[in-house]
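What you see is a predicted model, and the numbers here were worked out from it, not measured in a lab. Each chain gets a letter, A, B and so on, in the order the sequences are listed, and its residues count up from 1.
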Amino acid sequence: MALRELSSLEKSLGLKKSNKYSTQGDGKVPVLQNSKGPALVGLVTIAGHLVREAKSPELLGRTAEQRAVVQQWLEYRVTRVDKCPKEEVKVVLKELNEYLQDKVYLAGNNFTLADTLMYYGLHGIVVSLAIQEKEQYLNVTRWFDHIQHYPGVRHHLPPVVVLRNRVYPGIHH
Amino acid sequence: MKLFVSEGNPHCLKVLAVLELTGVKCDVQHVNHEEKVVPFLSRTVLPALLLPTEDYLFSTNAICQYLSETSGLGTGEDSSQWLEWEATELQPAVMQALHMMVLHGKAAHASQALEGPLGYLEQSLSKRNMLFLTAETVAVTDVILWAALYPVLTGSLLQAGELKAVRAWFERVNLLPACETALQKVFKSKELDVLKGFLHKQPNPLIQQKDNQSCNQPEQMEHMMTPEEIEIVAETWSRGLHSCQEVPERQHPILPQEGKRNILLTSALPYVNNVPHLGNIIGCVLSADVFARYGRLRGWNLLYICGTDEYGTATENKAREEGLTPQQICDKYHAVHSSIYRWFQIDFDFFGRTTTQRQTEISQNIFWRLHERGFLLEDTVEQLRCENCERFLADRFVEGVCPHCHYPEARGDQCDKCGRLINAVELKEPQCKVCRQTPVIRSSKHLFLDLPKLESDLEQWLDHSMSSGDWTGNARHITRSWLRDGLKPRCITRDLQWGTSVPHPDFSEKVFYVWFDAPIGYLSITANYTDQWERWWKNPQQVELYNFMAKDNVPFHSVVFPCSLLGAQDNYTLVSHLVATEYLNYEDTKFSKSRGVGVFGDMAKDTGIPSDIWRFYLLYVRPEGQDSAFSWADMALKNNSELLNNLGNFINRAGMFVNKFFEGHVPQIVLQEEDKNLIAQVDWELKQYVQLLDKVKIRDALKCILNISRHGNQYIQVNEPWKKIRGGDNDRERAGTVTGVAVNVASLLSAMLQPYMPSVSKTIRHQLQAPLSCASAMMQGAGSFICSLPPGHSIGTVSPLFQKLEADQIEALKKRFGGQEPERRSQSEAVVKPTGSTLTDKASTGTDPERAKQLTVAVAEQGDKVRTLKAQKADKAVIGEEVTKLLELKKQLAVAEGKDPSPKKSK
């Protein structure tokens with residue numbers, strides 16, 4: 001899962017040569033053997049490394065504040081979204097939904113690595129949502145649809161159908 | 001910039017130490033653990049940092065990194081890796097350890113949880129051989145990890161001998177002034193108890209650990225297939241139906257046939273004395289019905305038998321309550337059962353009863369065969385006798401405290417709570433169910449089935465049956481644990497009138513114990529269906545027997561009854577596949593006939609919700625593998641999201657396009673890559689469905705149906721036939737193909753739905769004018785998706801299949817059936833019921849809580865009086881008078897509580 005995600009990320013960053021990854025431990029944590037130094041371990045760490053390789057540091061945030069926000073959502077992705085127990089899914093969706101209420105991207109007005117990785121991480125959850133639930137988490141759905149159409153992001157994942165017209169207009173109020 | 005922290009919170013230790021280390025100026029505010037600082041998070045998360053940009057940071061590590069960056073220290077890739085490890089590996093282990101240690105006092109478990117991460121840290125530190133984690137000088141990373149580990153390393157939890165490098169590094173960081181200052185702010189007392197307040201507010205990490213079935217990795221979302229495989233499926237599809245023959249009508253009596261798969265299917269016989277609740281229905285008759293319908297579609301030669309179990313103390317009790325004879329009770333409730341099952345569309349081949357001449361003949365025959373072969377023992381048993389009622393109190397005539405689990409309402413034969421079987425004399429504080437007096441112990445002569453003597457035969461047969469048949473996990477497990485405990489002789493006679501009489505002259509006053517004689521009901525009911533019943537029941541070579549039941553019935557079907565049949569040595573057909581469900585709960589509590597908790601079969605009809613919807617939801621939550629629960633809100637959600645939105649929406653659209661764009665005729669179909677992919681995907685789901693149902697995974701197979709319509713919806717949505725129909729020739733052809741494929745998927749869905757929702761399936765078939773034979777055609781062999789509605793086929797009128805269940809409608813239903821709702825009853829009643837009458841019922845109209853309270857006291861006092869008189873061995877007439885008063889009071893109390901005054905507590 002994480003490995004396909006990293007190779008999709010490489011493509012979307014426009015990196016020419018692709019890296020070889022392996023995993024370690026029960027949690028299948030990705031590992032990148034680095035010719036220059038010690039191996040890199042962890043999805044966030046490797047993704048950050050790839051972004052720097054691609055010379056697109058703005059994807060990690062343009063200001064110190066934005067960089068912190070990006071880090072925060074990357075951490076949220078690997079600690080809360082990954083291996084999310086069933087009863088927690090709704091909490092995660094609710095939190096994201098409220099957060100995204102007045103935002104275009106996770107870090108405000110710019111597309112960042114946080115959007116890409118959160119999209120990969122949430123795909124499995126969003127795919128299995130009923131139409132009614134998608135409407136319940138409208139801000140997440142809107143953001144998700146936006147990101148899946150962002151140039152070069154989707155790659156290995158099938159598109160999720162998002163209805164434009166609301167079927168259950170009564171849910172919110 | 002503002003930092004929010006709370007006392008005793010180890011995360012705050014991190015940020016405060018980093019704040020000291022970096023020297024960043026920041027306003028620090030102390031708040032409670034409960035204070036909600038970050039507006040969008042559901043739980044309180046501290047520390048939190050309000051940035052100058054008005055954004056909140058709630059990740060401790062992100063805050064530290066930010067502080068570090070603004071102070072100019074910065075963080076590199078190396079530290080990023082440590083921080084990720086800290087968040088994903090170390091932090092969960094620390095939280096688990098603290099939870100174990102501080103809240104549960106289990107230090108050993110705590111150090112076990114930490115073993116992995118600490119070992120890793122030790123290894124890394126000793127390998128690099130530097131003073132600190134990333135360099136020879138201290139960095140933010142060191143402080144963060146130190147703070148994370150402080151609560152677990154500072155105590156005496158871990159042996160100092162090991163983890164040398166960790167200890168040395170920890171001490172180095174510990175000495176930093178920044179750390180000391182932060183410590184004083186967060187852990188003033190230095191005792192770990194200060195953590196308690198914080199830990200109580202955290203989600204339990206142990207529960208999260210346990211439930212590691214993550215759900216964001218869907219079970220094989222898309223099934224990968226090679227182009228060749230897809231091509232083969234598409235060819236099969238295009239070949240269409242012609243090769244298959246019409247399905248023959250069912251002809252009764254159904255008898256085993258040479259060269260066919262002959263399946264004898266039974267569902268546990270429901271007790272006649274009460275109305276079945278939803279849990280009973282899903283547990284046996286409905287599950288077996290789905291399998292029976294599926295088997296018939298598969299072309300198996302199948303006989304589905306069931307009936308009411310009518311003998312026993314429960315019936316006698318009920319008869320007394322209602323003032324009828326046992327036979328009248330049976331006649332009355334047999335009709336109730338039949339009509340409920342008819343409404344649920346349970347398609348039995350025969351629904352009989354156990355109070356028949358055939359039952360007597362067959363039971364007595366088996367009895368004599370066991371007797372002749374020396375498998376019956378005679379013994380004297382201690383039995384409870386009620387002097388007041390002048391009779392032995394068998395089984396359910398007595399209630400008391402369970403000797404195993406102390407459940408206060410255990411019955412004389414079995415405890416509802418722990419499920420263990422009980423000898424009535426073992427009950428603590430036994431009470432006669434009729435008059436509530438304490439019975440005395442007397443002896444009586446009884447017959448026993450010598451199970452130990454049959455044990456080796458049984459085990460040999462079980463080995464074979466379990467290895468070749470489909471036994472559910474719980475059935476295997478329960479059976480094994482019975483055998484492991486060792487078998488003991490089991491009493492097969494009872495001192496009752498209402499039962500099959502024991503033909504032995506020494507026991508002429510007695511009847512068979514209901515569990516000896518009830519499973520024989522399967523045989524006698526079949527015998528009432530056909531004189532040639534032995535072709536099913538004495539034919540293990542040709543017949544496979546499936547038993548459906550809830551798990552509490554397993555031992556009787558896997559151990560006790562097989563022993564009777566084995567001991568009779570008459571070539572009986574024994575069970576090959578034992579399918580047991582777990583329990584279905586009602587909302588959050590147990591269904592209980594005695595407490596009137598839950599929805600009962602006859603009420604389902606009165607809700608106005610069609611029986612197919614009930615079937616769907618019950619099967620959707622079928623307790624397969626684990627207990628599950630019926631919930632009104634969830635039923636509405638599943639109806640609206642799965643049926644209305646997904647399944648109904650797809651089938652309706654497919655049909656509508658044919659009618660609207662192609663004058664009701666299926667258009668020309670020219671398959672392209674994309675269409676073939678869909679067909680292959682659908683075909684794969686169909687094959688899954690067949691595999692699952694062959695193994696009686698009824699709930700899982702239902703998901704395949706919903707997956708297909710999900711694929712279908714997506715297919716329509718992506719291809720937009722409603723737009724293409726207005727385009728050029730190519731587009732119009734595409735619109736035709738997509739519509740044609742979609743309507744054929746709908747036809748397949750009608751076939752797959754047949755076992756689950758027979759009426760809906762029929763409606764779809766009528767709407768699409770699909771041939772009757774297509775269902776069985778597509779379910780032959782491994783199952784294959786075939787074009788059953790070829791181009792040119794004309795379909796009928798299409799109309800919506802499902803209706804939305806509105807929130808207020810569901811709310812109203814909840815209220816309307818309020819008397820049966822557990823949330824209206826107090827918790828204490830659901831768990832422990834006080835003896836006598838219920839104290840805390842506030843349910844339904846016509847109640848008078850004040851009066852009920854007074855009466856409760858009066859009943860208790862009167863009860864004491866009666867008991868005292870009895871203890872004093874007072875005159876019978878005097879006692880009788882007081883008992884009458886007591887009963888009258890109880891009746892009044894019942895009225896005040898809004899219940900039917902006739903006692904309704906039997907099972």
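- Using a 4.5 Å cut-off on side-chain heavy atoms (C-beta onward), B/Asp55 and A/Lys103 make contact.
- Atom OG of B/Ser641 is separated from atom CD of A/Gln136 by 11.0 Å, given to the nearest 0.5 angstrom.
- Neither the backbone nor the side chain of B/Asn646 comes within contact range of chain A; no heavy atom of the residue lies under 4.5 Å from a heavy atom of that chain.
- Here the side chains of A/Leu43 and B/Thr88 are not in contact, with every heavy-atom distance at 4.5 Å or above.
- No more than 12 heavy-atom neighbours from other residues, nucleotides or ligands sit within 6.0 angstrom of CD on B/Gln803.
- Heavy-atom contacts from other residues, nucleotides or ligands closer than 6.0 Å to NZ of B/Lys703 number more than 12.
- With a 4.5 Å cut-off on non-hydrogen atoms, B/Phe58 touches chain A through its backbone and its side chain both.
- A 4.5 Å side-chain heavy-atom check between A/Val29 and B/Glu89 finds at least one atom pair inside the cut-off.
- Partner B/Glu84 forms a side chain to side chain contact (heavy atoms under 4.5 Å, CB included) with one of A/Ile46, A/Val44, A/Leu40 and no other, that one being A/Val44.
- Looking at B/Gln65, its side chain never comes within 3.5 Å of a backbone N or O of A/Ala68 through a donor-acceptor pair.
- Neither the backbone nor the side chain of B/Ile63 comes within less than 4.5 Å of any heavy atom in chain A.
- Rounding to the nearest 0.5 angstrom, the gap separating the CG atom in A/Asn97 from the CZ atom in B/Phe40 is 12.5 Å.
- With sequence neighbours left out, B/Lys723 forms a side-chain hydrogen bond (donor to acceptor under 3.5 Å, both in side chains) with B/Glu720.
- With values rounded to the nearest 0.5 angstrom, B/Trp82 atom CH2 is found 11.5 Å from A/Thr45 atom OG1.
- A/Thr79 approaches B/Ala87 most closely through the heavy-atom pair CG2-O, 3.5 Å.
- No more than 12 heavy atoms of other residues, nucleotides or ligands shown are found within 6.0 angstrom of NZ on A/Lys28.
- Looking at B/Leu57, both its backbone and its side chain come within 4.5 Å of chain A, counting heavy atoms on both sides.
- Nearest heavy atoms, A/Glu75 versus B/Ala62: OE1-N, 4.5 Å.
- The two residues B/Tyr56 and A/Gln72 come nearest to each other via the heavy atoms O-NE2, 3.3 Å.
- Counting heavy-atom neighbours within 6.0 Å of A/Gln101 CD, excluding the residue itself, gives a total of 12 or less.
- Here the closest non-hydrogen pair linking A/Lys94 and B/Ser42 is NZ-OG, 4.0 Å.
- Side-chain contact of B/Thr53 with A/Glu65: a donor-acceptor pair under 3.5 Å is absent, judged by distance alone.
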Check: residues 105-115 of chain A side-chain donor-acceptor pairs under 3.5 Å, at least two apart:
residue: A/Tyr105; atom: OH; partner: A/His146; partner atom: NE2; Å: 3.2
residue: A/Asn110; atom: OD1; partner: A/Gln66; partner atom: NE2; Å: 3.0
residue: A/Thr112; atom: OG1; partner: A/Ala114; partner atom: N; Å: 3.3
residue: A/Asp115; atom: OD1; partner: A/Leu106; partner atom: N; Å: 2.9
residue: A/Asp115; atom: OD1; partner: A/Trp143; partner atom: NE1; Å: 2.9
residue: A/Asp115; atom: OD2; partner: A/Thr112; partner atom: N; Å: 3.0

